Amino acid sequence: MQLKLTRLAQRRVARPAARAYSSAVAAVQPPTHVATMPNQMRVATESTGGDTATLGVWIDTGSRYESDATNGVAHFLEHMSFKGTAKRNTRQLEMEVENMGGHLNAYTSREQTVYYAKVLKQDVPRAVELLSDILLNSTFSPAAVENERQVILREMEEVESQIEEVVFDRLHEVAYVGTPLARTILGPTENINSITADDISRYVKTHYTAPRMVLAAAGAVEHDQVLDLASEYFGGVPTVAPAGHDYENHASLFCGADVRDFKEDMPAANFALAFEGLKWTDPDVFTLMLCQSLLGTYDKKSSNMQYATAPMVLALDKYKVAEQVQPFCTCYNDTGLFGVYVTANLDSYDDYSTLFQILQDEMLALTQGVSDEDLARGKAQLKYNLLQQMDGTSPTAEEIGRQLLTFGRRMNLAETLARVDDITAADVKRVADKVCWDQEVSFAAIGSNLKYIGDINSLRRGTYWNRV
């Protein structure tokens with residue numbers, strides 16, 4: 001099965017009504033107050049009212065700051081932080097959170113570690129003290145380390161059963177071969193079995209320094225109160241790591257490579273195809289996010305696909321060559337990934353050829369321009385997604401903490417929506433050309449019938465058209 005996809009590029013003036021709507025939405029956002037303590041730890045609050053608040057500490061460290069020998073220690077530390085401190089054992093910690101009616105959690109990513117609590121307004125002081133205790137006073141007893149080691153190994157088994165997680169880990173391994181972002185968050189099994197309490201303690205002393213930490217709060221909070229609490233409980237965090245606790249922050253370099261795990265007992269193929277995207281601070285990052293929205297999301301089981309307007313979704317619905325297709329735009333401090341994640345159950349070269357022609361042709365079609373209708377649709381979808389990410393105290397605190405670590409400042413909603421509104425068809429064409437046209441690709445796949453998918457050279461040839 002072969003097809004020819006074409007796109008008419010039109011550049012028209014952005015509609016003023018869209019900008020007026022964006023301005024009206026942005027006008028309701030309260031200001032974000034940011035202060036820097038003497039030790040250079042930042043405190044940021046956004047008072048949105050209500051009866052609950054989310055407070056957390058965002059730390060500029062994750063698996064990319066580990067070494068091959070210590071890969072997994074950041075995630076191990078996350079687990080250990082809830083296993084007792086100098087003043088609270090595990091049971092006391094759990095009971096205190098439960099008695100507040102609150103929620104305490106943490107997560108580790110490749111570049112950030114986050115500890116946060118959602119509590120009632122009157123419990124904000126207790127939450128800040130609790131966060132400081134688990135971050136700064138955890139005991140890391142050898143017995144607790146041994147117990148938690150088994151928990152993490154079981155968690156690793158669960159993650160291995162989540163195919164999408166595994167595919168993206170494999171994608172990072174081939175996209176950033178031999179560089180920090182290639183490491184998984186959980187680390188290899190041999191590291192989990194060998195990490196000690198001393199390894200964890202050393203990691204904290206090396207990376208948990210005040211300039212790399214942000215206390216972010218949103219909801220029923222008052223800035224002066226949170227700042228006073230931060231000074232009391234986090235004022236002693238050192239500005240620099242002790243002597244001998246240095247670390248190297250190597251760049252993560254993108255390369256074109258692929259990995260395929262043939263599993264014929266699986267019902268479908270699951271794969272990700274990616275170009276090198278953009279870092280968080282790239283001026284074109286919102287334009288690339290718009291490219292993601294322009295591609296659209298496809299789900300074969302959804303009856304709404306017949307009403308879709310995105311050309312890629314329409315083509316996929318016409319030829320029925322995929323179960324699901326989800327574009328992604330992942331950003332890091334110095335690089336990024338832009339591409340599509342796909343689930344497909346096909347059994348012939350022709351069907352896979354059609355699928356990849358749709359996927360790659362539609363990404364390349366962005367380099368030729370977009371119509372006024374597509375541009376308006378993509379902007380509306382992107383703005384909806386951005387607004388959704390700030391719906392509630394927890395997403396707002398997340399956005400504040402992440403932005404202060406990545407941008408070095410809080411980008412308010414008005415600026416965010418204005419940057420989306422200002423994107424033109426020419427910008428889409430220019431950025432898509434920079435990211436997709438005749439560029440290296442990385443590919444990771446797990447599942448059945450992978451033999452029908454072309455090799456890395458075939459995928460690379462799909463990144464350009466022969467122009468006459």
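In this text, all values refer to a predicted model and were calculated from it rather than measured experimentally.
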Participant: Any chance you could measure K383, atom NZ, to M289, atom CE, to the nearest 0.5 Å?
Facilitator: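 Here the rounded value is 15.0 Å.
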Participant: Hey, what's the ring geometry for Y349 with Y452, parallel, tilted or perpendicular (30° and 60° as the breaks)?
Facilitator: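 Perpendicular, since the angle between the ring planes exceeds 60°.
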Participant: For T396 and M390, which heavy atoms make the closest approach, and how far apart are they?
Facilitator: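 Residues T396 and M390, closest heavy atoms: OG1-O, 3.3 Å.
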Participant: Salt bridge or not for K429 and D427, using N-O below 4.0 Å?
Facilitator: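 Not counted as a salt bridge, because no side-chain N and carboxylate O are separated by less than 4.0 Å.
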Participant: If you define the side chain from C-beta out and look only at heavy atoms, does anything of Y116 sit under 4.5 Å from L104?
Facilitator: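 No; the side chains remain at least 4.5 Å from each other.
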Participant: Can we say K434 and D284 salt-bridge, meaning some charged N sits less than 4.0 Å from an Asp/Glu carboxylate O?
Facilitator: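 Looking at D284 together with K434, the answer is yes, because their closest N to O distance falls below 4.0 Å.
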Participant: Any chance CG of N457 has more than 12 other-residue heavy atoms, nucleotides or ligands included, within less than 6.0 Å?
Facilitator: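 Buried by this count: over 12 neighbours within 6.0 Å.
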Participant: Looking only at side-chain N and O atoms, does Y176 offer a donor or acceptor that is under 3.5 Å from a partner on T335?
Facilitator: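 Their side chains do contain a donor-acceptor pair, which is all the 3.5 Å distance test asks for.
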Participant: Mark yes or no for whether R183, through its side chain, and E66, through its backbone, hold a donor-acceptor pair below 3.5 Å.
Facilitator: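 Side chain of R183 to backbone of E66, a donor-acceptor pair under 3.5 Å: yes, one is there.
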Participant: Going by atom types only, do Q381 and N385 share a side-chain donor-acceptor pair under 3.5 Å?
Facilitator: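 Yes, because at least one side-chain N or O of Q381 sits under 3.5 Å from a partner of the opposite role on N385.
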Participant: So that I know where these two stand, are F338 and F275 an aromatic pair - ring centroids less than 6.0 Å apart?
Facilitator: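 Centroid separation for F338 and F275: 6.0 Å or greater.
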Participant: Which pairs would a plain distance check flag for residues 301-309, meaning a side-chain donor or acceptor within less than 3.5 Å of a matching protein atom at least two apart in sequence or in another chain?
Facilitator:
{"unit_1": "S302", "atom_1": "OG", "unit_2": "N304", "atom_2": "N", "d": "3.2"}
{"unit_1": "Q306", "atom_1": "NE2", "unit_2": "S303", "atom_2": "O", "d": "3.2"}
{"unit_1": "T309", "atom_1": "OG1", "unit_2": "R377", "atom_2": "NE", "d": "3.2"}

Participant: Verify whether one side chain among T463 and R460 offers a donor that lies under 3.5 Å from an acceptor in the other.
Facilitator: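 Looking only at side-chain atoms, R460 and T463 do form a donor-acceptor pair, the distance falling under 3.5 Å.
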Participant: Of the options V259, D455, I453, L171, which is the one that meets F443 in a side-chain contact (heavy atoms from CB on, under 4.5 Å)?
Facilitator: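 Checked V259, D455, I453, L171 against F443; only one passes side-chain contact (heavy atoms from CB on, under 4.5 Å): I453.
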Participant: Under the ring-ring contact (aromatic ring centres under 6.0 Å, His included) test, which residues partner Y332, sequence neighbours left out?
Facilitator: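 Partners of Y332 by the ring-ring contact (aromatic ring centres under 6.0 Å, His included) criterion, ordered by chain and then number, come out as H172.
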Participant: Would you verify whether the NZ or CZ of R402 falls within 45 degrees of the ring axis of W280 while also being under 6.0 Å from that six-membered ring's centre?
Facilitator: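 Pair R402/W280 counts as cation-pi.
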Participant: I would like to know whether F168 and F328 meet ring pair (Phe, Tyr, Trp, His ring centres under 6.0 Å); could you show each step before the answer?
Facilitator: CA-CA 11 Å; F168 275 100; F328 58 86; 5.0 Å; yes
Participant: Run the ring-centre check on Y341 versus F271 and record whether the distance is less than 6.0 Å.
Facilitator: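 Between F271 and Y341, which both carry aromatic rings, the centre distance is not below 6.0 Å.
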Participant: What I want to find out is whether R170 reaches E173 closely enough, with some N-O distance under 4.0 Å, to be called a salt bridge.
Facilitator: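 Answer for the salt bridge query: yes.
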Participant: Any side-chain to backbone donor/acceptor pair from N191 onto D68? Under 3.5 Å, distance only.
Facilitator: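 Yes, the answer is positive, given that a donor and an acceptor are paired below the 3.5 Å cut-off.
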Participant: One thing to verify: whether R409 and E415 come together as a salt bridge, which I'm taking to mean a side-chain N less than 4.0 angstrom from a carboxylate O.
Facilitator: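 Yes, charged N to carboxylate O under 4.0 Å.
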